[in-house]
There are 2 protein chains.
Amino acid sequence: MTEVPNTLLGKVMSVLNAFGADDDELGFAELGRRTGLSKATLHRLLGDLAEVRLLDRGTRGYRLGGHLFQLGIRASVERRLVEVSTPYLEDLYERTHETVHLGLLEGHEVVYAAKIGGHRQASSPSRLGGRMPLHATAIGKALLAHSQPSLRTEVLSAPLARRTPRTVVTPGMLRRQLATIRQTGVAYEFEESRVGLACVASPVLGHDGAVVAAVSVAGPTTRFDPRVHAASVHAAATGIALTLIRRATLSSGT
Amino acid sequence: MTEVPNTLLGKVMSVLNAFGADDDELGFAELGRRTGLSKATLHRLLGDLAEVRLLDRGTRGYRLGGHLFQLGIRASVERRLVEVSTPYLEDLYERTHETVHLGLLEGHEVVYAAKIGGHRQASSPSRLGGRMPLHATAIGKALLAHSQPSLRTEVLSAPLARRTPRTVVTPGMLRRQLATIRQTGVAYEFEESRVGLACVASPVLGHDGAVVAAVSVAGPTTRFDPRVHAASVHAAATGIALTLIRRATLSSGT
DNA sequence: CACCGAGTTCCGGTCAGCGGAACTCCGAAG
DNA sequence: CTTCGGAGTTCCGCTGACCGGAACTCGGTG
């Protein structure tokens, strides 16, 4: 649990963050456990949050509220990113017919911001808003390779959690992969986050070279060879980057 | 400006709500104007909000933060709705090659929650998270027709703002249209929100018959005849509704 | 019956948050 | 150059919004 400053906002955030990507509804007691707030405080806070619709009361407990959804959809930079990316992701899906993702760097994890395809089977472990570790996914490695050096140092010095037999858990190995990715602009993953799943990813870089997001295509190893689609993924990512830069320079003249 | 309770949460919400769908970044002073908070209070609040990433500092001011985007994407009911709808919307886009929308009812307006296509020209005035009046859009009329009677009464008794020469502004006319929509499950719009734009929409109804969202296809009157696609739109909406109900009954057994 | 866990209400103490005022910074006008 | 005004920041003492312990209700269980 992250350290929570003793302010109302801190408590609010700890309540909101208590909801993981897979949590539908959480009960009063469960929220109490996750946040560590006293019953009285939590009770009042939940009431207040529900009133402004940051939370909604469900049949079995509380869930993240509709107002939050609206605000999130408006969060300007990310909204613009998703708007700009959508056509490219659709195009990528048309070419590959495999699951396409747009991922953002958040802390030491990837957050999935958009997803196309993959509705026939639960082929990928991702959900919208879900998180995955950086070192075990193609999209994560693409982000990490182009992130600030300080982040790389942090991730490389912490233990790398093993998720499958093929997860890269040795820092040296990961560091070498990241160097390659930085040169080629393409990251691969072979059953490193999940057995049977392969993936290619490419970073979307901003005008200053900072990494903004990453695009990936994932599919089952049985039929999907990520190398075949490396060029398409790379093209989509650079296309998105270019469009973003064009838009930004346009609007700055406003 | 809605009445804001004198609590921190109230102030937080008034800051967040100060951001409209089209606002990218707002400066300190502009936020002060919109929220009515004192400079000192606002300053501290903005700092705190930025710290928890509900706001981000941009070059020209503040914008809705990345954390908000993540939370919004996780807001469970709406997330499920968007996840379930996406394949249907994509399919609809494939059939029509016109702009496809998913809209939610929020207060007396439609909020656009998903959008596919329409990237070649700014054919439709919608943005993700944007709002439109209920009476002047097909998607709005579809929502309104199947909403609670009390909402209809409210909307019909308030003046109906004219947006184009063909906007329906007489309550009687609108009431008759709504009755038809309720029977057929299909709503039309011919240049009522914008000259040159036509649209078909159909409601997504929940297991209890309450309206959850609506799907629409919009295109320019020059090439687009909404009646041709009524069946497709209706099919998409009912498909979404069925999938939602199936999922809900499944997960309730968990 | 007693017991337990979930959720709600009460109430007095206190510190987080409030806002007026004074300040810096910067760009535009004269 | 100086003056001016708007934007943003800091200071500080007052106060009521918020805190949490404790006592409560409610429903299920042995």
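The chains referred to below are lettered A, B, ... by the order of the sequence lines, with proteins before strands, and numbering in each begins at 1. Both backbone and side-chain heavy atoms feed into the values below; hydrogens, waters and symmetry mates do not.
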Rounded to whole Å, CG of Leu31(A) lies from P of dG7(C) at a distance of 9 Å

Please evaluate residues His67(B) and Asn17(A) with respect to the criterion side chain to side chain donor-acceptor pair (under 3.5 Å), reporting the C-alpha separation (whole Å), side-chain torsions for both, the decisive distance (0.1 Å), and the verdict. CA-CA 10 Å; His67(B) 209 303; Asn17(A) 288 327; 3.3 Å; yes

Problem set entry | Check: Leu81(A) and Leu104(A) side chains under 4.5 Å, non-hydrogen atoms | yes

- Message: Please check if the number of heavy atoms outside Glu30(A) that lie under 6.0 Å from its CD is greater than 12.
- Response: yes

On a heavy-atom basis, the closest approach of Val15(B) and Leu45(B) is CG2-CD2, 3.9 Å

Leu42(A) CG to dG7(C) P, in whole Å, measures 10 Å

| said: As a quick check of understanding, evaluate salt bridge (Lys or Arg N to Asp or Glu O under 4.0 Å) for Glu192(A) and Lys141(A), giving each step before the final call. | reply: CA-CA 11 Å; Glu192(A) 294 160 40; Lys141(A) 288 193 281 190; 2.7 Å; yes

Here the distance between atom P of dA7(D) and atom CZ of Arg57(B), to the nearest Å, is 18 Å

Rounded to whole Å, CD of Glu30(A) lies from P of dG7(C) at a distance of 10 Å

Separation of dG8(D) atom C1' from Arg33(B) atom CZ, nearest Å, is 13 Å

Here the distance between atom P of dC11(D) and atom NE2 of His43(B), to the nearest Å, is 11 Å

Look for any protein N or O under 3.5 Å of an N or O in nucleotides 10-17 of chain C and output each such pair with its distance, or none.
residue : atom : partner : partner atom : Å
dG17(C) : OP1  : Leu8(A) : N            : 3.3

For Val111(B) and Glu106(B), the nearest pair of non-hydrogen atoms, with its separation, is CG2-CB, 3.6 Å

From CZ of Phe28(A) across to P of dG27(D) the rounded distance in Å is 17 Å

query = Could one point to a donor on the side chain of Lys39(B) or the base of dG19(C) with an acceptor on the other under 3.5 Å away?
reply = no

Between CG of Leu37(B) and P of dG8(D) the distance, given in whole Å, is 15 Å

